[in-house]
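Everything below concerns the one structure shown next.
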Protein chains: 2
Amino acid sequence: MDRAVSRSFDILECLARARQPSRLSDIAAETGLQKSTVHRILGTLCALGHARQDETGRYGPTLRAWELGAGVVTSMPIYRVAAGFLQALHRTTAETVSLTILSGDDVVYLEKIVAARPVRFYTRVGSRAPAPLTASGKAMLAFRPDARSVVERVAAVSNLDVPALMTELSQVRQRGYALSGYSPGVTSIGAAVAAGGAPPDAALSISAPTERLTARKRDALIEALLETRARMTEALDQR
Amino acid sequence: MDRAVSRSFDILECLARARQPSRLSDIAAETGLQKSTVHRILGTLCALGHARQDETGRYGPTLRAWELGAGVVTSMPIYRVAAGFLQALHRTTAETVSLTILSGDDVVYLEKIVAARPVRFYTRVGSRAPAPLTASGKAMLAFRPDARSVVERVAAVSNLDVPALMTELSQVRQRGYALSGYSPGVTSIGAAVAAGGAPPDAALSISAPTERLTARKRDALIEALLETRARMTEALDQR
DNA sequence: CCGATTAGTTCCGCAGAATGGAACATCATT
DNA sequence: AATGATGTTCCATTCTGCGGAACTAATCGG
């Protein structure tokens with residue numbers, strides 16, 4: 001199980017988590033490794049270009065891992081197709097729009113275009129959230145056979161009313177979109193995107209401040225979202 | 001130098017480069033490693049969530065590395081400040097706008113908002129290009145003391161007229177912006193962003209199809225770019 | 001200004017992890 | 001069914017990565 005490999009990623013994640021350059025001792029403390037071990041692995045990571053040492057001797061991550069991953073993301077068919085639609089959706093609604101995919105029991109934010117007046121709280125591109133707690137996630141789960149198991153696993157760690165959520169999912173299946181209700185102050189509307197009859201593994205969503213959201217406005221957003229989803233599904237199918 | 005660590009990143013990069021799931025043998029062949037070694041390291045990478053094996057047994061990268069790096073990027077001060085300005089610049093110009101930073105002798109594209117009618121060539125977010133070959137890169141180099149050495153290193157591998165470029169840089173320094181001239185069909189305009197009197201390590205740029213670009217339009221773009229740069233510099237300074 | 005403390009780096013003997021060759025299993029193809 | 005290619009497991013060998021400790025360089029406090 002390549003201990004050094006595992007440790008190197010631990011260290012890299014430790015560097016990335018810290019919002020500022022870390023000291024060797026802190027990294028050693030946080031990872032529970034010997035200083036000399038950390039020092040050697042950091043040396044390797046620096047040599048590989050994944051970490052760097054600033055003038056003061058502190059260590060920080062480089063963009064190398066991100067560059068690596070960005071290639072993966074931007075070459076994902078779903079991303080390439082969605083990018084244009086996402087932007088169009090933003091243009092017509094002027095609200096914050098996001099593209100997410102399902103990864104395990106989480107949704108991962110792949111891309112986001114924020115409204116001119118940004119919302120107070122924001123999910124970052126590259127961040128995760130438990131699928132059953134988000135509009136996007138519910139939109140996808142509603143059409144997935146494994147929804148119940150996902151919901152149950154998430155419920156096990158974050159108190160969640162499983163039966164209520166399952167009925168909500170069946171509503172979502174009928175309506176074609178999901179609403180978030182968990183984060184106060186902002187409402188999200190999510191719609192799943194599926195290709196070729198397979199269970200959906202991506203979703204579009206619109207988020208807007210709840211207070212500003214009249215019923216009429218909400219309906220307009222839903223309509224725009226569903227229309228974009230329809231066109232995007234079509235585009236995906238004919239590839 | 002932690003051989004296993006180094007090899008694991010080789011394998012990960014190999015997975016990321018391949019645009020589709022790779023077979024074990026191919027990875028072994030490409031990396032020059034033994035099959036059993038690749039197999040074991042891939043097992044480790046899978047266990048760590050950095051790779052996965054699909055139903056057919058092929059291996060592919062996950063988004064793990066990207067998620068890791070996205071946290072680094074989105075918490076970079078320059079990114080956080082620039083995001084809003086970039087979007088504003090796109091709104092006023094309706095053209096493709098980018099944010100780049102200097103990394104070694106390259107520029108790295110951190111963020112990009114593409115025009116409704118996308119240009120044929122596109123640089124991807126997360127991709128690199130030699131700084132002296134791009135408008136953004138020249139805009140930054142013009143104000144950096146180490147410009148000459150960068151130019152010379154790049155010239156060594158891609159035939160480049162060093163004296164001509166150096167004089168161009170001094171023009172850029174006077175004008176405050178740089179023009180690309182290397183990729184036919186598309187013109188880019190770059191402006192460096194510096195904070196606190198330090199040499200710039202970030203730049204904004206606008207790219208538009210050359211044919212559509214009248215002199216008047218070009219001047220308008222330059223003005224918009226310089227104005228955005230000015231406001232962004234101001235925002236950076238007062239942090 | 002000088003000990004005391006803490007952090008960073010280097011060294012080195014030892015354990016055991018990683019290595020790679022080969023055998024085995026699995027799958028596709030004819 | 002036989003062939004070939006590929007994925008996986010096994011195992012003896014060895015060299016790598018390990019961590020304690022020593023050394024050096026900062027930082028701090030009195």
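In what follows, every chain begins at residue 1, and chains take the letters A, B, ... in the order their sequences are listed. The structure displayed is predicted, hence computed values, not measured ones.
Using a 4.0 Å cut-off on heavy atoms, none of the residues of residues 10-19 of chain B approach DNA chain D.
In this structure, OG on A/Ser188 lies 13.5 Å from OH on A/Tyr177, to the nearest 0.5 angstrom. Once rounded to the nearest 0.5 Å, the distance linking CG of B/Leu236 with CZ of B/Phe85 reads 7.5 Å.
Ion pairing between a basic and an acidic side chain is recognised when a charged N comes within 4.0 Å of a carboxylate O; A/Glu234 and A/Arg229 show no such pairing. Salt-bridge formation is not detected for the pair A/Arg7/A/Asp10: no Lys NZ or Arg NE/NH1/NH2 atom is positioned less than 4.0 Å from an Asp or Glu carboxylate oxygen. Salt-bridge formation is not detected for the pair B/Arg124/A/Glu67: no Lys NZ or Arg NE/NH1/NH2 atom is positioned less than 4.0 Å from an Asp or Glu carboxylate oxygen.
With hydrogens and angles ignored, the 3.5 Å screen pairs a side-chain donor or acceptor of B/Thr44 with a backbone N or O of B/Arg40. A distance-only check finds a donor-acceptor pair linking the side chain of B/Asp237 to the backbone of B/Gly196 [under 3.5 Å].
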* Verify side chain to side chain contact (heavy atoms under 4.5 Å, CB included) between A/Met140 and A/Ile101, making sure each step is shown before the conclusion. => CA-CA 9 Å; A/Met140 290 186 260; A/Ile101 59 167; 5.8 Å; no
* To do: Could you walk me through whether B/Val125 and B/Leu110 pass the side chain to side chain contact (heavy atoms under 4.5 Å, CB included) test, one step at a time?
  => CA-CA 6 Å; B/Val125 165; B/Leu110 273 197; over 6 Å; no
* Asked: In B/S/- notation, 5' to 3', how is nucleotides 7-21 of chain C contacted by protein heavy atoms closer than 4.0 Å?
  -> SBBB------SSBBB
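When the C1' atoms of four end pairs are superposed on the next four at each end of the helix from C/dC1-D/dG30 to C/dT30-D/dA1, using five pairs per end, the two resulting axes differ in direction by 50°, to 10°.
Considering only residues two or more places apart in sequence or on other chains, A/Arg52 meets the salt bridge (Lys or Arg N to Asp or Glu O under 4.0 Å) condition with none of them. Partners of B/Ser8 under the side chain to side chain donor-acceptor pair (under 3.5 Å) rule, at least two apart in sequence or in another chain, do not exist in this structure.
Bounding nucleotides for the chain B contact on DNA chain D, 5' to 3', at a heavy-atom distance below 4.0 Å, are D/dT6 to D/dC18.
A salt bridge (charged side-chain N to carboxylate O under 4.0 Å, His left out) with B/Asp105 is found for one member of B/Arg144, B/Arg153, B/Arg148, B/Arg128 and no other, namely B/Arg153.
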